[in-house]
2 protein chains.
Amino acid sequence: MKNEKVTPIALSTQALERMPYYLHYIKQLQKKGITQIASPAIAADLGLNEVQVRKDLAAVSSSKGKPKAGFYIQDLIYNMEELLGYHNVKDAVLVGAGSLGKALLSYKGFEISGMHIVAAFDNQDGLIDTEINGKKVLPVSKLSSVCRRLNIHIGIITVPANQAQTVCDQMVAGGILAIWNFSPIRLTTPEGIMVRNENMAASLAILSQHLKDKLKEHML
Amino acid sequence: MKNEKVTPIALSTQALERMPYYLHYIKQLQKKGITQIASPAIAADLGLNEVQVRKDLAAVSSSKGKPKAGFYIQDLIYNMEELLGYHNVKDAVLVGAGSLGKALLSYKGFEISGMHIVAAFDNQDGLIDTEINGKKVLPVSKLSSVCRRLNIHIGIITVPANQAQTVCDQMVAGGILAIWNFSPIRLTTPEGIMVRNENMAASLAILSQHLKDKLKEHML
DNA sequence: TAGATTGTTAATCGATTAACAATC
DNA sequence: TAGATTGTTAATCGATTAACAATC
């Protein structure tokens with residue numbers, strides 16, 4: 001018995017990171033009425049390697065690409081959205097309704113990507129029971145019970161460093177499986193919990209490093 | 001003639017990304033009065049590989065580690081802050097004073113990391129000439145001239161996708177060398193300009209993927 | 001000294017890129 | 001058909017991890 005298409009080709013994290021760019025790009029093409037696209041064209045426009053793009057598309061597309069013509073845009077969009085999870089809405093909670101937390105609560109991009117922030121949590125008295133972008137702010141003490149009760153599996157952490165690990169522990173206790181961590185520390189979690197670090201300080205460091213090199217170069 | 005310490009060991013992007021975590025961690029230790037730290041201890045607490053930590057520390061530290069004892073915390077902190085550019089303030093501009101832009105303008109973490117956002121730019125009439133966290137909002141038309149005049153080399157892009165490339169071009173015209181891109185598209189830039197993508201959609205995709213796998217696993 | 005930790009050299013791993021025959 | 005583009009197999013590249021002698 002052949003096991004065709006049952007085991008999807010595993011996609012590397014890097015490849016997964018490129019997907020939203022492909023998706024955005026080919027959606028633009030679709031708007032212009034274009035129906036097919038070939039890897040070399042995408043590669044040129046997005047500044048990527050041709051073979052890399054081809055491999056990425058092959059990994060995600062259910063239909064094969066046609067030599068000379070490329071892939072059907074319609075298929076690609078569907079497959080990518082499916083892969084990226086846009087078709088089934090995922091509920092999430094956010095802890096830490098400071099400036100960054102508020103910004104994320106108001107960020108329209110999430111809805112498009114199939115994520116819905118159900119509630120926010122904070123410990124500041126002034127914030128509790130207020131609403132931000134239509135989302136109620138609850139005391140952190142209710143975090144794990146709410147997650148458990150509503151079957152929520154994604155948690156977003158936007159609290160300061162010294163509170164992040166505690167919040168993380170409470171999320172895990174509430175059944176959270178994937179954590180998006182905006183605090184500047186590495187969280188310790190049990191096996192099976194994924195933590196994705198959105199590391200502002202690191203990004204800044206990399207830019208800063210480049211800047212240093214460039215300015216030095218300029219001196220010589 | 002020996003060329004000692006003149007050419008610093010090149011640090012990979014990944015290693016650079018780990019630095020802020022090391023720095024935060026050893027600063028905590030310093031607060032507790034600890035003066036020395038060894039790689040295996042850091043590795044255990046941060047969930048990293050021992051050898052990796054040792055290599056990272058060796059790459060950044062000006063003094064050598066002592067067998068049995070490890071590295072001097074004071075030295076490490078100084079060297080890391082130096083490397084990460086915390087000691088010399090870098091001016092930056094931000095374009096796009098929407099919710100994310102506002103959050104970044106108010107984010108205290110940047111000052112600690114040696115970055116100072118000098119001004120914000122937007123095209124929305126209601127925002128121009130207002131102040132956000134003490135920073136004036138100017139019309140985008142002034143972007144490149146302001147950058148040029150104030151010798152600013154870092155630009156932060158928090159505008160929607162369809163405006164991002166235009167803003168990027170204006171930044172480059174203004175002499176910006178490092179761009180922190182929060183928009184969901186890949187920017188095209190001349191050689192020598194570094195773009196760091198803060199890719200929300202990608203992060204979400206990776207979390208979402210993990211969640212899908214975990215929930216499926218749970219079914220079986 | 002004994003043992004932990006260092007720095008370095010080699011092996012492994014995974015992703016990207018190159019080469020090329022197959023195909024529309 | 002000719003030529004562009006595909007999918008696949010092999011080579012390259014870079015980072016992580018392992019192995020080990022040197023050292024405090």
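Just so we're clear, the structure is a prediction, and the values are computed from it rather than from any experiment. Sequence lines set the chain letters: A, B, ... in the order given, protein chains first and strands last, and positions in each chain run from 1.
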Is A/R54 reaching over with its side chain to a backbone N or O of A/S39, donor-acceptor style, under 3.5 angstrom?
-> no
Name the residue closer to the 5' end of DNA chain C, choosing between A/P67 and A/T13 according to the nucleotide with the nearest heavy atom.
-> A/T13
Is a side-chain donor-acceptor pair under 3.5 Å present for A/S106 with A/N133?
-> no
Measure from the side chain of B/R18, starting at C-beta and using heavy atoms only, and say which of D/dT5, C/dT6, D/dT16 lies closest.
-> D/dT16
Candidate nucleotides C/dA19, C/dG7, C/dT8, ranked by approach to the side chain of B/V51 - the nearest | C/dT8
Just jot down the ring-ring contact (aromatic ring centres under 6.0 Å, His included) partners of B/F110, sequence neighbours excluded, or say none.
-> B/Y107, B/W180
Secondary structure of DNA chain D per the Watson-Crick/G-U criterion (both distances under 3.5 Å; [ ] crossing, | other strand, . unpaired) is ..||||||||||||||||||||||
Looking at B/K27 and B/E81, does any basic side-chain N land under 4.0 Å from a carboxylate oxygen?
-> yes
Any N/O donor-acceptor pair, A/K55 side-chain to D/dT6 base, under 3.5 Å = no
Here the distance between atom P of C/dT17 and atom CG of A/L48, to the nearest Å, is 9 Å
For A/Q14 and D/dT16, what is the distance between atoms CD and P respectively, to the nearest whole Å?
-> 11 Å
Value in whole Å for how far the P atom of D/dC24 lies from OH of B/Y72 = 12 Å
Using whole Å, report how far CD1 of B/I37 lies from P of C/dT5.
-> 10 Å
Starting from C1' on C/dT17, measure out to CZ on A/R54 and report it in whole angstrom.
-> 11 Å
Side-chain contact check for A/K68: nearest option of C/dG7, C/dA19, D/dA2 is D/dA2
For B/K66, answer base if it contacts any base atom (sugar-phosphate contacts may also be present), sugar-phosphate if it contacts only those atoms, and nothing otherwise; contact means non-hydrogen atoms under 4.0 Å.
-> sugar-phosphate
Picking from C/dT6, D/dA15, D/dT6, the nucleotide nearest the side-chain atoms of B/F71 would be C/dT6
Rounded to the nearest angstrom, tell me the gap between atom CG in A/D56 and atom C1' in D/dT6.
-> 15 Å
Would you kindly give the CD-to-P distance between B/E50 and C/dA4, to the nearest whole Å?
-> 12 Å
May I have the step-by-step check of salt bridge (charged side-chain N to carboxylate O under 4.0 Å, His left out) for A/E17 and A/R196, ending in yes or no?
-> CA-CA 12 Å; A/E17 283 178 349; A/R196 172 84 184 172; 2.8 Å; yes
Rounded distance (nearest 0.5 Å) linking atom NZ of B/K102 with atom CG of B/D122 | 8.5 Å
Roughly how far apart are A/Q52 CD and A/Q14 CD, rounded to 0.5 Å?
-> 9.0 Å
Please determine if a side-chain N or O atom of A/S39 lies less than 4.0 Å away from the OP1 or OP2 oxygen of D/dT6.
-> yes
B/N49 has an atom CG; how far is it from atom P of D/dA19, in whole Å?
-> 12 Å
Against the side chain of B/A58, the closest entry in C/dG7, D/dT17, C/dT6 is C/dG7
